[in-house]
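Letters A, B, ... mirror the listed sequences (proteins, then strands); counts begin at 1. Everything numeric here is computed off the predicted structure, so don't read it as measured data.
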Amino acid sequence: MCLARPFKLLSLAPDGLSGVVDAGGATLTVGLILTPEAKVGDFVLVHAGAAIEVLADAEAQTILDAFDDFARLNDLVAPADDPHDRH
Amino acid sequence: MTDTSSHRKQTVRDLAAALRREADGQPPLTVMHVCGTHEHEIGRWALRQLLPANVRLVAGPGCPVCITPAAAIVTAIALARHASRPIVCAYGDIARTPTAAGSLLDARGEGADIRVIYDLHEPAALARREPERRVVFFSIGFETTAAPVAAMLREDLPENFSIYPCHRYVPTAVEALAKLDDGQIGGYLLPGHACVITGQVAYDFLAQKYRQPAAVAGFEPEEILAGLLSIARQRQRGEPAVANCYRRVVRPEGNKRAQEILFEVFELADGAWRGIGVLPDTALLLREPYRRFDATAVFGVPEATGVEDVMPGCQCHLIMLGRKRPEECGLFAKACTPERPKGPCMVGGEGACRAHFLYPEVDNE
């Protein structure tokens with residue numbers, strides 16, 4: 001129940017409280033109350049029919065982008081300039 | 001995106017090797033995660049087989065279906081059996097979850113109008129479509145679900161809609177677990193999507209008050225291993241912190257708007273967790289202006305009491321605290337299977353027993 005998925009926002013309802021997202025060719029209407037900053041073209045993280053966060057689009061497109069090499073991932077785990085870092 | 005698969009495999013291998021180096025010569029480390037989806041991804045990718053022998057990863061009470069008290073399910077059944085014959089909407093997993101008095105789907109078999117939903121907006125939409133019927137939303141889940149439910153309750157809702165909420169809040173539950181721990185747990189892998197709402201700052205107490213390492217993790221194998229590596233490093237260096245290994249999704253402070261709305265509609269109170277007992281400040285109860293939607297008041301159906309959480313022979317309550325493995329339960333994969341679950345952890349997509357049933361290769365202990 002806590003797994004959310006990113007979808008691209010295609011359009012906003014006139015009141016801005018909901019919008020339509022691209023769900024792999026089909027469309028879904030999702031709630032946008034928690035993400036008032038969401039704009040058409042943004043990726044939103046959707047859980048149980050409601051957007052809970054707006055994602056940086058390049059990173060939302062593929063879950064792998066942020067982990068495209070070990071060095072970067074290692075950097076995420078512990079800053080590279082840490083003198084204790086063994087790697 | 002060429003050669004993604006082999007690239008990912010290498011990343012996973014590199015992370016596992018780094019974790020082995022970090023743990024080498026160190027005392028045993030047991031990390032608890034508190035997310036049913038983590039448990040399923042750990043099983044699906046057989047990640048426990050990649051861990052060094054002195055690092056254990058145990059499942060905590062992170063499955064919202066599993067921790068929903070049996071009394072709440074029995075109350076929802078009582079609402080469905082009210083003389084006015086309301087429609088009761090529930091997510092599929094909680095509708096299937098057994099209690100000593102049966103499940104919501106058993107009640108449907110006996111004539112109650114139970115509808116399985118996938119979207120938290122569906123019950124109110126159904127109430128609008130069927131104005132002659134009364135519609136109750138049996139709403140469960142952690143803050144990931146409770147925040148958008150709170151947002152929905154602030155909108156115009158039809159008169160024939162009401163809600164029976166049984167939401168729980170993860171940060172205070174993790175604090176209760178940390179307080180109860182007798183030195184077994186050496187770090188916490190925090191749930192990525194619940195942290196979208198609260199941010200990592202909600203867990204600062206782990207490092208500050210309990211000196212426990214912690215890491216927010218996403219759901220890919222790389223992300224889960226990165227979280228474990230971070231925890232191992234924090235411990236090895238004696239520098240506990242709350243690391244954010246899911247930065248592309250989780251902001252340190254979380255979604256502030258979602259937090260404001262969540263706590264405008266709900267307030268924290270002591271809450272029962274199935275088979276575990278009452279954990280302080282973990283239930284999200286409706287605040288006064290929103291109690292007009294409370295189905296138990298609308299229908300005059302009191303909350304059920306004295307309902308046994310633990311089914312005979314079931315070990316779910318110990319499995320959810322990381323004290324037993326599913327395979328150590330006498331019912332596991334025999335009397336209790338996904339088709340005929342006896343306990344809540346075998347029911348849904350987030351239960352630890354179901355994960356171990358589906359992915360037996362995780363068992364390398």
key: Most contacts with chain A, counted as non-hydrogen pairs under 4.5 angstrom, among His40(B), Arg251(B), Arg154(B)   = Arg251(B)

request  = Check each atom of Leu45(A) against the heavy atoms of chain B and say whether the ones under 4.5 Å are side chain, backbone, both or neither.
outcome  = side chain

Result block: side-chain N/O donor-acceptor pairs under 3.5 angstrom for residues 115-125 of chain B, not counting sequence neighbours:
{"from": "Arg115(B)", "atom 1": "NE", "to": "Asp113(B)", "atom 2": "OD1", "distance (Å)": "2.8"}
{"from": "Arg115(B)", "atom 1": "NH2", "to": "Asp113(B)", "atom 2": "OD2", "distance (Å)": "3.1"}
{"from": "Asp119(B)", "atom 1": "OD1", "to": "His121(B)", "atom 2": "N", "distance (Å)": "2.8"}
{"from": "Asp119(B)", "atom 1": "OD1", "to": "His121(B)", "atom 2": "ND1", "distance (Å)": "2.8"}
{"from": "His121(B)", "atom 1": "ND1", "to": "Gly49(A)", "atom 2": "O", "distance (Å)": "3.3"}
{"from": "Glu122(B)", "atom 1": "OE2", "to": "Tyr118(B)", "atom 2": "N", "distance (Å)": "3.1"}
{"from": "Glu122(B)", "atom 1": "OE2", "to": "Asp119(B)", "atom 2": "N", "distance (Å)": "2.9"}

remark   = In short, Glu155(B) meets Leu17(A) closest at the heavy-atom pair OE1-CD1, 3.1 Å

key: Inter-residue atom distance Leu34(A).CG - Gln259(B).CD, 0.5 Å rounding   = 10.5 Å

For Cys195(B), disulfide bond (SG atoms under 2.5 Å apart) partners two or more places apart = none

message = Between Thr29(A) and chain B, with a heavy-atom cut-off of 4.5 Å, which part of the residue counts as in contact: side chain, backbone, both or neither?
response = backbone

key: Any Arg257(B) side-chain heavy atom under 4.5 Å of Ile33(A) side chain   = yes

message = Keeping Asn255(B) on the side-chain end and Thr35(A) on the backbone end, is there a donor-acceptor pair under 3.5 Å?
response = no

